[in-house]
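What you see is a predicted model; the values in this text were computed from it and never measured.
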Amino acid sequence: MKRKTFISFAIAILAIAMMVAGCRNARVEKKQMAVTMETPVPSDVMPDRVQQAMAKAMKYHSHDLFNDTANEINVSSIDEVDETSTEGYGINVTKGAMSTTFPNIRNTRQPQASYNAKAGDLWLTSSAMEGSGVRVEWLYQIRFGDNDLAYMKTEVNPYGVQQELQQRLSYSIKGETISLYDGDKLLATVTNSLKEMGDFDEQPLWIGEQLYYDVSSGDPKVIFTPGVKYTSAPVLFYDDMPELSAPVTIDDNGLFTIREITVIAML
């Protein structure tokens, strides 16, 4: 009887050990992504010669970016001051009869604007970095004083958003399959199709080169796509990676919070 009890106990212990080993083997090894921006992006400054021309200009040549007739708000891109090109700098904001110029905001790469009348927030995007495979934007929160003069409430540096996303995002790779996570939540699983690019690099997943905004709803959402690095190429590839999105909120102290991350498209 004792021998049978011992054998049953040994079998139970072995079964538990096998279950624990199985759980360990099934546990996903998640790693943190690398980042492309090593330091905060410096604020843009309009070139001196353009500033001097603007100070003496009799007329601005602009084109509209956003019109809200109900709230008498207009946002326009300043293209020339008299006969001088602004070299891609200068945004003009008008509310009612009051006009405010923000000379150091870049107006290249099709900036977007929208107005949330309930919160009193004018949201504006502006290019921070651009190029082949690169789209990185600033997010600006603009408000209006009692005299309808516009003022900058908050500037969201893309570096800070990148750092926050890096803390939240992780990945795992098994064979040619890449899985992306937000904490413990699985966001997406994709299969690598670029077999001609060689193996995955020692540091294969990066964030920060594709980071921009959608403000069309009146509230900002950050849009971002992780890039993949291969051993045979010095650049990041996005062919198989999902486009991700998350609402962004900003408190009264100018601190931003990235809300729930979701997949909006597969590239």
Are the side chains of [Y] and [X] in contact, using a 4.5 Å heavy-atom criterion?
X    : Y    : answer
F224 : E243 : no
E130 : R135 : no
V248 : R259 : no
L180 : P226 : yes
V228 : L194 : no
D251 : F256 : no
T100 : T94  : no
Y140 : W123 : no

Ignoring hydrogens and geometry beyond distance, is a side-chain donor-acceptor pair present between [X] and [Y] at under 3.5 Å?
X    : Y    : answer
D64  : S76  : no
D214 : S216 : yes
S245 : T262 : no
D201 : T231 : no
E209 : Y238 : yes
N104 : D44  : no
S62  : N92  : no

Is it possible for you to say whether [X] and [Y] belong to one hydrophobic cluster, with membership spreading through side-chain heavy-atom contacts below 4.5 Å?
X    : Y    : result
L65  : M152 : yes
L169 : V263 : yes
I142 : L255 : no
M98  : L122 : no
F66  : Y151 : no

Go through it in stages, so that I can follow the logic: the residues are Q32 and S170, the test is side chain to side chain contact (heavy atoms under 4.5 Å, CB included), and I'd like the CA-CA distance, side-chain angles, deciding distance and then a yes or no.
CA-CA 5 Å; Q32 189 178 52; S170 59; 5.7 Å; no
Mind checking whether Y171 and Y181 have ring centres under 6.0 Å apart?
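No, the ring of Y171 stays outside the 6.0 Å limit from the ring of Y181, centre to centre.
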Determine whether R168 and D182 satisfy the following criterion, salt bridge (charged side-chain N to carboxylate O under 4.0 Å, His left out), listing intermediate values before the conclusion.
CA-CA 5 Å; R168 287 184 52 176; D182 175 13; 2.7 Å; yes
From CA spacing to verdict: salt bridge (charged side-chain N to carboxylate O under 4.0 Å, His left out), K185, E260
CA-CA 10 Å; K185 175 186 174 183; E260 182 182 6; 3.0 Å; yes
Is a salt bridge present between D184 and K30, judged by a nitrogen-to-oxygen distance below 4.0 Å?
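Here D184 pairs with K30 in a salt bridge, since their nearest N and O are under 4.0 Å apart.
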Run the salt-bridge test on E87 and R106 with the 4.0 Å N-O cut-off and return the result as yes or no.
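Judged by the 4.0 Å cut-off on N to carboxylate O distance, E87 and R106 do not form a salt bridge.
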Which residue in the set V156, N157, L124, T154 passes side-chain contact (heavy atoms from CB on, under 4.5 Å) when paired with L139?
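Only match with L139 under side-chain contact (heavy atoms from CB on, under 4.5 Å): V156.
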Show which residues join M46 in its hydrophobic cluster (side-chain heavy-atom contacts under 4.5 Å, direct or indirect), or state none.
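Grouped by the 4.5 Å side-chain rule, V50, M54, Y60, I78, V81, Y89 form the rest of the cluster around M46.
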Evaluate D121 against N116 for side chain to side chain donor-acceptor pair (under 3.5 Å), listing each step before the verdict.
CA-CA 5 Å; D121 289 325; N116 184 323; 5.7 Å; no
Inter-residue atom distance Y212.OH - E137.CD, 0.5 Å rounding:
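Here the interatomic distance stands at 8.5 Å.
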Crowding at NZ, K153 (>12 non-hydrogen neighbours, <6.0 Å)
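Counting other residues, nucleotides and ligands, NZ of K153 exceeds 12 neighbours.
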Count the heavy atoms belonging to other residues, nucleotides or ligands that lie under 6.0 Å from CD of E38, then report whether that count exceeds 12.
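Open.
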Passes salt bridge (charged side-chain N to carboxylate O under 4.0 Å, His left out), E83 versus K59? Steps please.
CA-CA 9 Å; E83 302 301 320; K59 185 177 181 180; over 6 Å; no
